[in-house]
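Inspection log for the structure reproduced underneath, given as structure tokens.
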Amino acid sequence: MDTILKIDQLKKYFPVTKGFFKHQIGNVKAVDGVSFTVEKGKTFGLVGESGCGKTTLGRCILQTIPPTGGKIIFDGEEIFYDSMTRQKILIAKMQAVFQDPYNSLNPRHRVRRIIAEPLVIQGHFNRHEINDRLLMLYGMVGLPEDIGERYPHMLSGGQQQRVCIARAMVVQPDFIVCDEPVSALDVSIRAQIINLLISLQKRTEVSYLFISHDLSVVHHISDIIAVMYLGKIVEISPKTDLYEKPMHPYTRVLLSAIPIPDPILEKKRVNVMAKGEVPSAVSIPSGCRFHPRCPEAMKKCSREEPVFREVTPGHWAQCHLLN
Amino acid sequence: MEEILQIANLRTYFFRRFKPTIKAVDGVSYKVKKGETIALVGESGCGKTISALSILRLNPPTSTIVEGQVKWLGHDILKVPDEEICRIRGKDIAMIFQNPLSSLNPLMTIGRQISETFQTHHCLCGKDSWNEAKRMLNLVAVPDVESKMTAYPFQLSGGMRQRVMVAMALSCDPKLMIADEPTTALDVTTQAQILSLICTANREAGRATILVTHDLGIVARYADTVNIMYAGHIVESAGCMDIYHTPLHPYTEALLKSVPRIDKIGGNELIPIPGYPPLLDRLGPGCPFEARCTRRTTKCLKEMPPIEEVSENHYAACWHI
């Protein structure tokens with residue numbers, strides 16, 4: 001299998017400042033040493049609660065914010081935030097789809113201009129080529145052909161998200177960061193967009209980094225799932241293993257927090273609940289980050305940070321219970 | 001079992017100048033029995049929140065309750081004077097809203113806000129109500145109560161604020177609690193904590209709950225009876241088991257097939273509902289689901305199907321059952 005993206009020990013700290021002279025009093029460790037690889041044509045799912053750094057990670061990969069440390073290797077080449085000439089060509093192969101479709105579309109532009117803009121910026125295409133590409137894309141993402149003349153506010157939420165997806169697909173990218181693409185949509189529309197993303201991947205072999213807080217959506221769309229907690233990945237597992245054999249207690253808590261739409265199964269389930277709430281990323285707990293909330297915490301957990309290791313082939317986890 | 005609330009033919013419309021009327025709630029009827037958890041399920045804009053707000057006449061001032069009855073213990077509370085409905089709100093029927101930050105007063109400390117309920121409804125003096133408020137916060141498992149009592153809403157996390165809302169709702173020991181999407185703004189792990197807090201508290205006290213939500217998983221976990229809403233109408237109403245295992249209305253069926261399920265290894269195939277929900281100001285005389293339905297015929301376009309009892313305690317509104 002070819003690797004499209006390799007992340008190695010990626011870190012992003014935001015400084016916390018105080019007072020008039022803004023002297024630094026600490027760091028928000030939004031992403032604190034994350035490593036993973038994304039295979040070509042596959043979907044890597046990233047799940048976690050709000051504030052765990054999953055969006056920051058996505059933005060670091062897209063180079064919209066400079067990472068503090070670590071390496072991003074895309075398509076065999078390392079990406080540096082500073083040198084932008086070669087990078088622009090590379091980054092054009094990476095696109096993004098965001099959570100709120102309305103706010104990610106320019107309200108003053110018509111749909112055709114929004115979707116065509118990436119092509120215009122690249123500048124290799126004449127008007128006819130752009131037109132043909134747009135018509136093909138409308139068909140691909142399931143938009144009516146007359147949509148080009150409309151403004152974003154005239155569309156429904158589902159259609160707006162389709163426009164966002166079309167805009168990402170127009171440059172024929174190799175990799176798309178999908179940051180909560182279905183969270184703002186209704187249940188019936190959500191399924192349409194998920195199926196659209198899956199069918200686009202089958203047609204174009206694009207790879208996704210699918211970020212969401214909803215484990216059931218991530219589980220549905222991804223091939224490999226990573227669970228993130230307070231800036232660190234605590235478990236990486238193939239899709240088939242995660243529900244059957246969750247290894248990290250946090251994964252078990254997440255799984256049990258998601259209700260299954262079947263009352264018979266729900267009655268049988270044993271609910272594991274985490275204590276308290278997610279601590280602030282400024283003062284990260286010592287040892288294992290999850291220990292203050294963990295239902296199975298031991299003495300050792302508050303002192304030593306467990307090693308992130310491969311427990312069974314392809315299934316990684318970071319917990320003292322596994323030793 | 002004893003019925004405490006009966007809603008019959010409730011209609012709440014938004015009349016607009018020079019524009020067609022929005023029929024947000026268009027003929028909703030259901031009953032709430034003592035100690036029962038009823039779920040109102042539907043997509044956004046289907047009228048579930050407006051119908052819940054209309055029960056306490058808290059619907060937005062731009063809307064009008066055109067018709068209908070809301071019988072609370074035999075009295076129609078849509079017709080009682082304003083002072084009396086104020087006595088019912090909070091004391092007999094309590095409500096929890098979607099966004100806790102915008103429903104708490106930002107200028108008052110948590111302690112004062114909770115004790116206010118005791119002062120209004122139980123005529124307690126300052127010190128007693130303060131102690132009662134402290135007891136309520138303990139009940140909803142807020143850590144470090146003393147410091148939280150003097151904190152302002154913006155100083156608390158989302159989950160804590162929602163716990164405060166629950167404490168306020170529980171403070172007068174109401175007979176019915178309306179929870180309008182209480183966990184939409186929260187994280188999944190906090191959602192599980194808050195929902196189990198609400199539901200165990202209500203179950204222990206034998207209190208009825210109306211749970212407004214769009215999440216079919218939450219419904220399966222907590223509800224006894226489920227009402228499925230679509231475009232201002234209840235299209236199906238049945239016990240929880242029946243809804244999930246023998247759905248009758250094509251919308252319910254389609255909705256269940258379109259949610260990803262975590263228990264299916266390799267994932268279940270998602271069958272999305274084609275098209276988009278209808279605009280509420282452009283509804284025709286027919287069934288609102290007609291355009292997206294697989295069973296549609298010309299009859300559906302012409303006439304709205306009435307909601308009828310198909311089997312015992314299982315109601316559905318469709319011409320093709």
Side-chain angles (χ1 to χ4, degrees), chain A residues 47-52 142 155-159 182 184-196 198 213-222 239-244 250 253-267 269 271-278 280 293, chain B residues 41-46 141 143 157-160 185-193 195-196 214-224 226 230 239-245 251 254-277 279 292:
Chain A
V47 70
E49 289 175 277
S50 52
C52 76
L155 314 177
S156 69
Q159 283 175 323
V182 296
L185 304 174
D186 260 320
V187 192
S188 70
I189 308 300
R190 194 175 285 184
Q192 292 177 5
I193 299 294
I194 294 174
N195 281 1
L196 172 67
I198 295 174
H213 67 275
D214 188 340
L215 191 49
S216 56
V217 173
V218 172
H219 181 258
H220 184 83
I221 199 168
S222 312
K239 166 200 204 132
T240 40
D241 266 16
L242 193 79
Y243 182 74
E244 292 285 294
Y250 181 60
V253 165
L254 269 187
L255 280 169
S256 105
I258 290 164
I260 299 172
D262 185 335
I264 295 179
L265 281 175
E266 271 303 323
K267 298 253 147 62
R269 278 175 98 190
N271 287 331
V272 205
M273 249 185 257
K275 293 173 263 180
E277 289 176 5
V278 188
S280 139
R293 304 181 70 200
Chain B
V41 192
E43 294 174 81
S44 53
C46 74
S157 67
M160 277 309 140
L186 306 176
D187 267 321
V188 268
T189 50
T190 330
Q191 164 177 304
Q193 291 171 349
L195 278 174
S196 77
H214 63 265
D215 189 329
L216 285 162
I218 291 174
V219 175
R221 191 177 277 187
Y222 298 105
D224 302 316
V226 185
Y230 190 76
C240 199
M241 288 292 170
D242 292 340
I243 285 278
Y244 286 89
H245 292 284
Y251 177 61
L255 206 57
L256 286 169
K257 280 185 193 152
S258 67
V259 284
R261 289 179 57 157
I262 202 154
D263 56 322
K264 295 272 158 61
I265 301 157
N268 53 327
E269 196 197 343
L270 294 191
I271 306 167
I273 308 176
Y276 302 97
L279 294 168
R292 310 171 79 186

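Quick note on labels: first sequence line is chain A, next is B, and so on, each numbered from 1.
Heavy-atom distances place both the backbone and the side chain of A/Ser50 under 4.5 Å from chain B. Residue B/Val188 touches chain A through both its backbone and its side chain, counting heavy-atom pairs closer than 4.5 Å. Heavy atoms closer than 4.5 Å to chain B are found in both the backbone and the side chain of A/Ile264. With a 4.5 Å cut-off on non-hydrogen atoms, A/Leu215 touches chain B through its backbone and its side chain both. Using a 4.5 Å cut-off between heavy atoms, B/Pro143 does not touch chain A at all. Looking at A/Gln192, the atoms closer than 4.5 Å to chain B (heavy atoms on both sides) sit in the backbone and in the side chain alike.
Between A/Arg190 and A/Asp214, at least one side-chain N (NZ, or NE/NH1/NH2) sits under 4.0 Å from a carboxylate O, which counts as a salt bridge.
If you check the side chains of B/Glu43 and B/Tyr276, you find no donor sitting under 3.5 Å from an acceptor.
Ranking A/Val278, A/Asp262, A/Leu255, A/Leu265 against chain B, the residue ahead of the rest is A/Asp262, based on heavy-atom pairs under 4.5 Å. Options B/Leu195, B/Ile273, B/Leu255 differ in how many heavy-atom pairs under 4.5 Å they form with chain A, and the most are formed by B/Ile273.
Side-chain contact between B/Arg292 and B/Tyr230 is present, with at least one heavy-atom pair separated by less than 4.5 Å. Counting heavy atoms from C-beta outward, B/Tyr244 and B/Val219 have side chains that approach closer than 4.5 Å.
Under a 3.5 Å cut-off, the side chain of A/Ser222 and the backbone N or O of A/His219 do not form any donor-acceptor pair.
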